[in-house]
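Numbers restart at 1 for each chain; the letters A, B, ... are given by sequence-line order, proteins then strands. Since we're looking at a predicted model, the values are computed, not measured.
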Amino acid sequence: MNTEEDGIVQGRIEKLRELKEMNIDAFPYRWEKKDGVKELRERFGHLKEEEESGYSTCTAGRLIGKRRQGKAGFGNIADGSEKIQIYCRQDVLGDSYEIFKKADIGDFIGITGNVFKTKTGELTILVKGFSVLAKSLKPLPEKWHGLKDIELIYRKRYLDLISNGDSFDIFLKRTKIIKSIRKYLDSKGFIEVETPILQTLPGGADARPFVTHHNALDMELYLRIAPELYLKRLIIGGFERVYELNRNFRNEGMDKNHNPEFTMLETYAAYWDYNDVMDFTEGMIKTVVDEVFGGTVDIVRDGRQIPLSFPFKRISMLDELSKVSGLDIASMNEDELISKVKELGKEAPRSKGKAIEKLFEHYVEPSLNKPVFITDFPIESSPLTKKHRSREGVVERFELYFAGMEIANAYSELNDPLEQKERFEMQEALRTKGDDEAQRMDEDFLEALHYGMPPTGGLGIGVDRLVMILTNAKTIRDVILFPTMRKEAE
RNA sequence: GGGCUGUUAGCUCAAUGGUAGAGCAACUGACUCUUAAUCAGUAGGUUGAAGGUUCGAGCCCUUCACAGCCCA
């Protein structure tokens, strides 16, 4: 649509001209906003009907409703997800009443006036001064139904935030969750670091990377799929506890749980093993629930209530898979496991480890309701993880599941350089067999390991997914402000 | 990648193959405690795009674009 040809836009441009004739700047430079609407509500919510506070406020917000009645009128202004009523009277405002009459829904306005309650008990500001702070030229989405068009919600998030309070609150919660996580990490002595997003060799996860090109150096660079190998270099360098709240990029499919760019928290602590990391992860989530949600949060997934009780259950992947499927997984060889997956009508996995994970996804994941730590993954699909101290064929790794969704992934980090070399070689072999998600030999990281890395517990948490769980969002797009979209048609 | 569904006014939605409508928003007027204000009136459309079938297409067919859901 051509903005300039729209009738409503033309009408509002005409109003701009009229304001200019009245010597009014519809786009002034600043406004001294004394009170927020939230504070006004907290402070004067207790007033009785028709009671006046005697308090003179100065506030601002977007005009979202207007009900004129001749020589007086009501309106509502929105300040974040809070709103408050304003009452404008010609006998109070005098000439400024004309400005109120010309105001459109969507305009930013600044007002001064006295706080009181109407006879129907609505907290209201009797307006003494009315100023336009920014004229809105396009009409907002419909006031009652809000913005429903899912495509518009994602493409024009600002309209979603203006008209859908629930959405606004989810993103507010998201920042509070992240703030609470940082506070917890600080309290445990972690320091926040930044490592390269542009990497010469993508590592630390099984995923296809985005490839880009550096002109001056004339070389390929990859957007990171994980910061893991750099954070471990910092543990080698002597930082004992580090974390990075990082944006990762994976060139893969998109669905309810996947966006090509997503936010991950990775933490590494020297001298810890994965048992320590489980305690630490529980502590983090408990802190977030306490600080952001007042200690309890109702989690509902697919219509089911998910109880949140600490500590979380810890179950072994192979034990649980054998139990639920009735198969004796430990005694099955690679071919048997792979053909079992094929029997289920799924694509043939490329390794024993992947086969076990597929079977786990099929048999166990749907029944995982409560938060649970799944421990001890197959060695083939965990090349950066220490072998289990007492069990054959598995590594010291866990994933945290909420309602069947993977939230976190953590290891006792492999720190034996010679074994790490062998594991990379195993991955290279898988890559040669056509697994383009297999990890790559990283000689520079191997060299770093040769200098010695202390025993280390590492953790990755999918921040978007954690926010989804805690806010009952149905798709990852509801917790990412600007999710990846195909380019709009001309 | 496959299947299904959707795309109509700024927004939310209607419309047996037969003159594209409503509510909100907008515009004009009335109204000094309204709150989805009310009342009277006005205006607003290349029905996602391009073809096709038909006397006649928002509706049927084909292709394309974008989106959603399910499956892989």
Dot-bracket encoding per residue of RNA chain B, Watson-Crick/G-U cut-off under 3.5 Å, | denoting interstrand: (((((((..((((....[..)))).(((((.......))))).....(((((..]....)))))))))))).

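The same atom, P, is picked in B:G48 and in B:A20; the two are 15 Å apart, to the nearest Å. Remark: the separation of the P atoms in B:G23 and B:C60 is 27 Å, to the nearest Å. B:G44 and B:A22 are spaced 14 Å apart, taking the C1' atom of each and rounding to whole Å. Taking atom P in both B:A43 and B:G21, the straight-line distance is 13 Å, to the nearest Å. Across B:A50 and B:A57, the matching P atoms stand 15 Å from one another, rounded to whole Å. For the P atoms, the distance from B:U19 to B:A25 is 30 Å, rounded to whole Å. When the C1' atom is compared between B:U8 and B:C59, the two are found 11 Å apart, to the nearest whole Å. B:G6 sits 14 Å from B:U62 when the P atoms are compared, rounded to a whole Å.
Below the 3.5 angstrom threshold, one finds a donor paired with an acceptor across the side chain of A:Gln85 and the base of B:U34. For A:Thr118 and B:U34, a side-chain-to-base donor-acceptor distance below 3.5 Å is present, hydrogens and geometry of angles not being considered.
Of the residues near RNA chain B, A:Ile150 and A:Asp91, the one whose nearest nucleotide (by heavy atom distance) lies more toward the 5' end is A:Asp91. Take the nearest nucleotide of RNA chain B for A:Glu122 and for A:Lys148: the residue whose nucleotide is more 5' is A:Lys148.
Using a 4.0 Å cut-off between a side-chain N of Lys or Arg and a carboxylate O of Asp or Glu, A:Lys38 and A:Glu82 do not qualify as a salt bridge.
Checking A:Thr385 against A:Arg397 by side-chain atom types alone, no donor-acceptor pair falls below 3.5 Å. Between A:Thr375 and A:Arg391, the side chains place no donor N or O within less than 3.5 Å of an acceptor N or O (distance only, hydrogens not considered).
Closest approach to the A:Ile105 side chain among B:U34, B:A26, B:A67 is made by B:A26 (side chain taken as heavy atoms from C-beta onward). Closest approach to the A:Pro139 side chain among B:G10, B:C33, B:A67 is made by B:G10 (side chain taken as heavy atoms from C-beta onward). Of all nucleotides listed (B:C66, B:U34, B:U12), B:U34 comes nearest to the side chain of A:Gln69. Of the candidates B:A67, B:C13, B:A25, B:A25 carries the atom nearest the A:Ile8 side chain, counting heavy atoms from C-beta on. Across B:U12, B:A26, B:C66, the shortest atom-to-atom separation from the side chain of A:Arg12 is found for B:A26. Closest to the side chain of A:Phe74, out of B:A67, B:C27, B:C33, is B:C33. Comparing B:U32, B:G68, B:C11 against the side chain of A:Leu147 picks out B:C11 as the nearest. Looking at the side chain of A:Glu142, the nearest of the listed nucleotides B:A67, B:G23, B:U34 is B:G23. Of the listed nucleotides (B:C70, B:G68, B:U34), B:C70 has the atom at the smallest distance from the side chain of A:Lys256. Taking only side-chain atoms of A:Arg477, from C-beta outward, the nucleotide of B:A67, B:G68, B:C27 with the closest atom is B:G68.
The side chain of A:Lys66 contributes no N or O atom lying less than 4.0 Å from OP1 or OP2 of B:U34. Contact annotation: A:Arg68 side-chain N/O to B:U34 OP1/OP2 distance is not under 4.0 Å. Taking only side-chain nitrogens and oxygens, A:Arg89 never comes nearer than 4.0 Å to OP1 or OP2 of B:C33. Contact between the side-chain N/O atoms of A:Arg67 and the OP1/OP2 oxygens of B:U34 is not found at any separation under 4.0 Å. Distances shown here put every side-chain N or O of A:Lys143 at or beyond 4.0 Å from the OP1 or OP2 atom of B:U12.
Checking each of A:Lys102, A:Lys101, A:Arg12 against A:Glu18 for a salt bridge (charged side-chain N to carboxylate O under 4.0 Å, His left out) leaves exactly one that passes, namely A:Lys102.
Of the inter-residue distances, the one linking A:Leu63 atom CG with A:Phe108 atom CZ reads 10.5 Å to the nearest 0.5 angstrom. Put simply, CD1 on A:Ile99 and CD1 on A:Ile109 are 11.0 Å apart, with the number rounded to the nearest 0.5 Å.
The distance from atom CD of A:Glu49 to atom P of B:U34 is 13 Å, rounded to the nearest whole Å. Between the CG atom of A:Asn76 and the P atom of B:A36 there is a distance of 9 Å, given to the nearest Å. Computed from coordinates, the A:Leu123 CG to B:U34 P distance equals 17 Å when rounded to whole Å. A straight line from CD of A:Glu151 to P of B:C66 spans 10 Å, rounded to a whole angstrom. Between the CD atom of A:Glu252 and the C1' atom of B:G1 there is a distance of 15 Å, rounded to whole Å. Distance A:Arg486 CZ to B:A67 C1': 10 Å, rounded to the nearest Å. The distance between atom CD1 of A:Ile86 and atom P of B:A37, rounded to the nearest whole Å, is 13 Å. B:C11 atom P lies 14 Å from atom CZ of A:Arg155, rounded to whole Å.
No more than 12 heavy atoms of other residues, nucleotides or ligands lie within 6.0 Å of NZ in A:Lys358, so this atom counts as exposed by the packing criterion. Open room surrounds CG on A:Asp95; 12 or fewer heavy atoms of other groups in view lie less than 6.0 Å from it. Enclosure of atom CD in A:Glu220 by more than 12 non-hydrogen atoms of other residues, nucleotides or ligands within 6.0 angstrom is indicated.
Within the nucleic acid shown, A:Lys15 comes within 4.0 Å of sugar-phosphate atoms alone, with no base atom in reach, counting heavy atoms only. Using a 4.0 Å heavy-atom criterion, one finds that A:Lys71 contacts the bases of the nucleic acid, with or without backbone contacts as well. Nucleic acid contact class of A:Gly75 (heavy atoms, under 4.0 Å, all strands): none.
Taking the six-membered ring for Trp and thresholds of 30 and 60 degrees, A:Tyr87 and A:Phe74 have nearly parallel ring planes, at less than 30 degrees apart.
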Would you check, one step at a time, whether the test side chain to side chain donor-acceptor pair (under 3.5 Å) holds for A:Asn369 with A:Tyr401? CA-CA 8 Å; A:Asn369 231 346; A:Tyr401 280 82; over 6 Å; no

